[in-house]
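Just so it is clear, the structure is predicted and the values come from calculations on it, not from any experiment. Residue numbering restarts at 1 for every chain, and letters A, B, ... go by the order of the sequence lines.
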Number of protein chains: 2
Amino acid sequence: MTKKNIPRPTESELEILQVLWQHGPSTVRFVNDELSKRRDVGYTTTLKLLQLMHEKGIVTRDDSSRTHVYRPALREQETQGQIIDRLLEAAFGGSALKLVQQALGNRRTTREELDQIRDLLDNIDPQTPPPPTTDASDELA
Amino acid sequence: MTKKNIPRPTESELEILQVLWQHGPSTVRFVNDELSKRRDVGYTTTLKLLQLMHEKGIVTRDDSSRTHVYRPALREQETQGQIIDRLLEAAFGGSALKLVQQALGNRRTTREELDQIRDLLDNIDPQTPPPPTTDASDELA
DNA sequence: TGTTTGCTACGAAGCCATTCGTAAAGGCTG
DNA sequence: CAGCCTTTACGAATGGCTTCGTAGCAAACA
């Protein structure tokens with residue numbers, strides 16, 4: 001199954017991916033310890049999750065030694081991008097603007113972060129061609 | 001019934017909420033027609049979804065006439081805000097900056113939207129006092 | 001008035017995510 | 001060596017989401 005088909009990580013899987021992204025290749029024990037800092041989770045639960053993720057191709061593992069070492073098979077940015085895509089469609093009607101407004105509006109954001117975002121904005125090439133607004137309001141059913 | 005506890009809408013429920021937010025109070029038929037523009041969905045499926053959402057308190061309905069009229073019980077901004085909160089925790093380690101970077105970085109965003117975001121930034125009161133930075137970078141596992 | 005159409009209610013099935021219990025095996029220590 | 005600890009592998013139970021089929025009823029229509 002060398003599928004390009006990237007499985008969409010569940011919420012639990014994302015938690016684990018975050019640990020792996022942040023700390024690099026990790027054992028089940030380590031991942032579980034990290035997760036345990038945030039919530040109650042059994043060791044075998046974490047193990048099972050990692051095994052499933054392995055089957056799905058979300059992580060790879062080195063099982064040459066008895067204690068397996070897992071590492072992410074998905075890159076952080078790509079994955080996050082995908083998630084945003086979904087969210088954009090699912091909850092924001094495709095409007096990145098609305099999403100950013102929400103992310104920044106209802107939240108305490110530091111001046112430093114705001115500045116960083118401004119920098120980011122200045123480095124974006126605006127996509128001049130506004131997509132032909134597919135206004136389906138004239139259709140009927 | 002009158003639960004304070006706001007249930008977190010599922011993805012399908014969000015689709016429906018979007019229709020209601022956008023078009024106002026709607027019948028099952030109307031919602032289903034809207035959903036059908038995007039994907040294949042049976043009438044009774046939409047009906048059931050709306051009934052469940054009603055039970056959960058996600059929508060209210062007027063059943064005084066034979067054809068019931070549903071309307072959202074959650075406000076768009078609040079709901080979207082909640083969703084962002086979750087996403088922030090689940091996938092972005094709580095960093096709104098990272099999220100915004102992803103939302104804007106890998107995406108075709110129009111100049112107009114970028115300008116609007118700049119306006120938004122200018123109207124945000126930055127949280128100048130970075131609270132006693134709980135810098136966890138020295139922790140180990 | 002009898003038929004057809006449209007609507008709601010309900011239940012059940014299928015699928016997936018999550019959690020946990022238990023067993024088997026390797027390795028380490030006393 | 002014996003026993004304990006850690007690890008992996010499974011299997012199963014649970015619960016939630018989604019979908020659909022069927023039935024009953026009301027309204028509209030010819």
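In the displayed structure, A:Asp119 atom CG is contacted under 6.0 Å by more than 12 heavy atoms of other residues, nucleotides or ligands.
Less than 4.0 Å separates DNA chain D from at least one heavy atom of each of the following residues of residues 60-68 of chain A: A:Arg61, A:Arg66, A:Thr67, A:His68. For the segment residues 9-20 of chain B, the set of residues with a heavy atom within less than 4.0 Å of an atom of DNA chain D comprises B:Thr10, B:Ser12, in numerical order. Of the residues in residues 42-51 of chain B, those placing a heavy atom less than 4.0 Å from an atom of DNA chain C are B:Tyr43, B:Thr44, B:Leu47, B:Lys48, B:Gln51, in numerical order.
Among all heavy-atom pairs drawn from B:Ala73 and B:Gly57, the shortest one is CB-O, 3.3 Å.
Taking CG from B:Asp40 and CG from B:Leu35, the interatomic distance works out to 11.0 Å, rounded to the nearest 0.5 Å. Between the CD1 atom of B:Ile16 and the CD atom of B:Glu11 there is a distance of 12.5 Å, given to the nearest 0.5 Å. To the nearest 0.5 Å, atoms CG (B:Asp63) and NE2 (B:His68) are separated by 4.5 Å.
Close approach of DNA chain D to chain B, defined as any atom under 4.0 Å from a non-hydrogen atom of the protein, starts and stops at D:dC17 to D:dA27. Extent of DNA chain C lying under 4.0 Å from chain A heavy atoms, first and last nucleotide in 5' to 3' order, is C:dA17 to C:dG26.
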What do the steps show when you test A:Gln101 against A:Phe92 for side chain to side chain contact (heavy atoms under 4.5 Å, CB included), and what is the final call?
-> CA-CA 11 Å; A:Gln101 283 174 337; A:Phe92 292 87; over 6 Å; no
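Salt bridge status for B:Glu78 with B:Arg75: present, with a side-chain N to carboxylate O gap under 4.0 Å. A salt bridge is defined here as a Lys NZ or Arg NE, NH1 or NH2 lying under 4.0 Å from an Asp or Glu carboxylate O, and B:Lys98 with A:Glu113 fails to meet this definition. Between A:Glu13 and A:Arg8 there is no salt bridge, since no side-chain nitrogen of the basic residue lies less than 4.0 Å from a carboxylate oxygen of the acidic one. Salt-bridge check for A:Lys37 with A:Glu34: passed, with a basic side-chain N closer than 4.0 Å to an acidic carboxylate O. A salt bridge links A:Asp122 to B:Arg118: at least one charged side-chain nitrogen sits closer than 4.0 Å to a carboxylate oxygen.
If you check every strand for non-hydrogen atoms under 4.0 Å, B:Val41 touches nothing.
Hydrophobic clustering (ILVMFWY, side-chain heavy atoms < 4.5 Å, transitive): B:Leu121 and A:Val100 are in one cluster. Hydrophobic clustering, with ILVMFWY side chains joined whenever heavy atoms are under 4.5 angstrom apart, keeps A:Leu50 apart from A:Val69.
Residues A:Glu76 and A:Gln80 have side chains that bring a donor and an acceptor to within less than 3.5 angstrom of each other.
Among residues two or more places apart in sequence or in another chain, the ring pair (Phe, Tyr, Trp, His ring centres under 6.0 Å) test is passed with B:His23 by B:Phe30.
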